[in-house]
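As structure tokens, the structure follows; a few thoughts come after it.
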Amino acid sequence: MYRDRLSLFPDTVALRPDKSGQPSLHVGGRDLNELAAEFGTPLYIYDQQTIGNAVQAYEDALSRHYPGPTGITYAGKASLNLAMARLMGAHGLLVDCTGVGEMHIARTAGVPRAQILMHGVNKSWADLQTGLAKAGTLVVDNLPELERIAQLVHARGTTPALWLRVRPGYAVDTHQFRQTGQHDSKFGMDADECIDAVAFCQRNQLPVTGLHFHQGSHFHAAEQVLPALDVVCSLIGRLQKERNWWPQALSPGGGWGVAYHEADLPHQSIEDYVATVAAALAESLSSHSLPLPRLQVEPGRSLIARAGVAIYQVGTVKRAGDRRWLLLDGGMADNIRPALYQARYSALPVNDPLNRPPISENAWLAGPYCESGDLLIEDLPLPEIETGELLAIPVSGAYQLMMASNYNGALRPAVVMLRDGVVQLAQRRETVDDLLLRDIV
Ligand code: LLP
């Protein structure tokens, strides 16, 4: 009954006998028991093969379904550290950085300027200065920002390509905290503002070369992009007529969703999503007799979520009322998503995950923090689980550690990257001394 859950895990998941002969979960050629013993728990692991396969799926779909040039930007906000920035850079992706902080990570990782794209809805002067000096592409959110850019560019003489962020007036169907494209969203510019922005760039000799829109994150039906694409294509028609300008690059943002739980399966593929967007764009622009821009997709979650697994140890098994509680050594401090978005995850025990007899009592998986909202999974069928066992939560690669906190003095987990049995520690676990690093003693 737990077998479906295996397909939520990275592509390299396997069940192999551990030292005692029992089947245990392996990812990237490594036994999760051994990784937990070596690096401690909670532990986040990333399987590089699964990331490579997702990049390949985007590349194949783009070349199959779009007749013009294409590219992929990795939305770094989903998970960024030096190892991840290097990996995405080596795959040839642009790396989207929000502000000075993420720029610092990408630059320190050695991502070349041409592969750095900067986003931000309220960029500070420092963000803009860094973006202008160090990014290859800067996505402009609003007209006041463009005026600031004009001042800085003329002072510094550096000019990344500028793309304008369009607010298409349509969001995708997702949690409201993740919707961005609606008419009253804080992100981007409406069509008239975009026309003014192009005119401003033309007057000020600013290199505006692209348009961008992003309607929201974690949606599951590719057609939801089409109304926004229509708006943007008619904007391109107006821009051509009114300003004699059209984009060399067009980004429909990211947001393609993933399955987190067996109930979310089957999930439409990356290819389905890309095919829908690419075909609609090509058709709409050729009907306006406009040249095809570079189609630059911008996924985060769908590139890395399934590559990541979080491993926790069960510290206490408790019964309270009708509930069977499995209390873990991590929770809302490393994964706020269930509390923030009611995200629904699944889990498997690392040892003998599939063959144990089911029991009638579902499990409630919670962390050690002083909040009743510190709940990772509610009401999940699991076999009898004992204190000291390891549990693996799949699809943990995106937006978990990036939103992690030190709540209750929690220490951020270690992160390891796996490839063909080789383990690389990407980030060490925080220590109690790290908690004092910013304090003035
Ligand atoms: N491009 C832009 C401009 C974005 O704002 C985002 C995500 C992406 C691309 C990538 O979206 P993705 O492909 O990863 O869905 N914390 C939330 C997700 C917030 C997404 C923010 N922007 C969560 O945990 O679900």
Side-chain angles (χ1 to χ4, degrees), residues 51 54-55 57-58 71-80 84 88 93-99 102 117-123 131 135 137-142 163-168 171-182 185-189 210-222 224-225 228 232 249-261 264 267-268 270 273-274 277 296-308 310 332 334-345 376 393 395-405:
I51 298 175
V55 171
Y58 270 102
I72 307 171
T73 304
Y74 168 59
K77 52 182 78 65
S79 176
L80 202 65
M84 189 66 84
M88 295 304 186
L93 273 52
L94 303 198
V95 178
D96 144 34
C97 299
T98 302
E102 289 186 354
L117 174 145
M118 182 185 256
H119 263 300
V121 66
N122 182 25
K123 298 179 191 75
T137 308
L138 199 150
V139 182
V140 181
D141 181 82
N142 55 64
W163 295 359
L164 305 177
R165 179 155 179 172
V166 185
R167 187 173 66 245
V172 286
D173 185 14
T174 186
H175 192 284
Q176 63 161 333
F177 293 174
R178 290 189 296 244
Q179 292 182 316
T180 53
Q182 66 276 20
S185 155
K186 71 172 177 175
F187 297 96
M189 294 172 264
L211 294 178
H212 175 283
F213 67 97
H214 174 77
Q215 298 169 266
S217 180
H218 195 42
F219 67 100
H220 311 278
Q224 291 176 3
V225 183
V232 173
L250 174 63
S251 176
W256 185 238
V258 298
Y260 280 96
H261 186 279
D264 304 331
H267 192 274
Q268 260 194 314
I270 286 172
Y273 160 65
V274 171
V277 175
Q296 184 79 25
V297 292
E298 195 173 69
R301 185 188 326 259
S302 51
L303 285 177
I304 54 153
R306 205 164 55 83
M332 72 189 301
D334 61 277
N335 185 3
I336 193 72
R337 300 192 67 261
L340 197 53
Y341 315 112
Q342 295 73 53
R344 187 178 178 209
Y345 286 82
L376 284 179
I393 299 192
V395 207
S396 288
Y399 301 110
Q400 296 188 194
L401 292 178
M402 300 311 280
M403 296 197 291
S405 75

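Residues: numbered from 1 along the sequence shown. Scope of the values below: all heavy atoms of this structure, side chains included, with no hydrogens, waters or symmetry mates. One-based numbering, in listed order, for ligands and for the atoms of each.
- For ligand 1, the 4.0 Å heavy-atom shell takes in A75, K77, H119, R165, R178, H212, H214, S217, H218, G254, G255, E298, P299, G300, R301, R337, Y341, Y399, M403, ordered by chain and residue number.
- Residues that satisfy the side-chain hydrogen bond (donor to acceptor under 3.5 Å, both in side chains) test with E102, not counting sequence neighbours, are absent from this structure.
- For an aromatic pair to be called close, the ring centres must be under 6.0 Å apart, and H119 with H214 fails this.
- Residues satisfying the side-chain hydrogen bond (donor to acceptor under 3.5 Å, both in side chains) criterion with H267, sequence neighbours excluded, are H220.
- A search for side-chain hydrogen bond (donor to acceptor under 3.5 Å, both in side chains) contacts involving S251 returns nothing, not counting sequence neighbours.
- Checked against the 6.0 Å centroid threshold, Y399 and H218 do not count as a close aromatic pair.
- Within the 3.5 Å criterion, the main-chain N or O of G188 finds a donor-acceptor partner in the side chain of D141.
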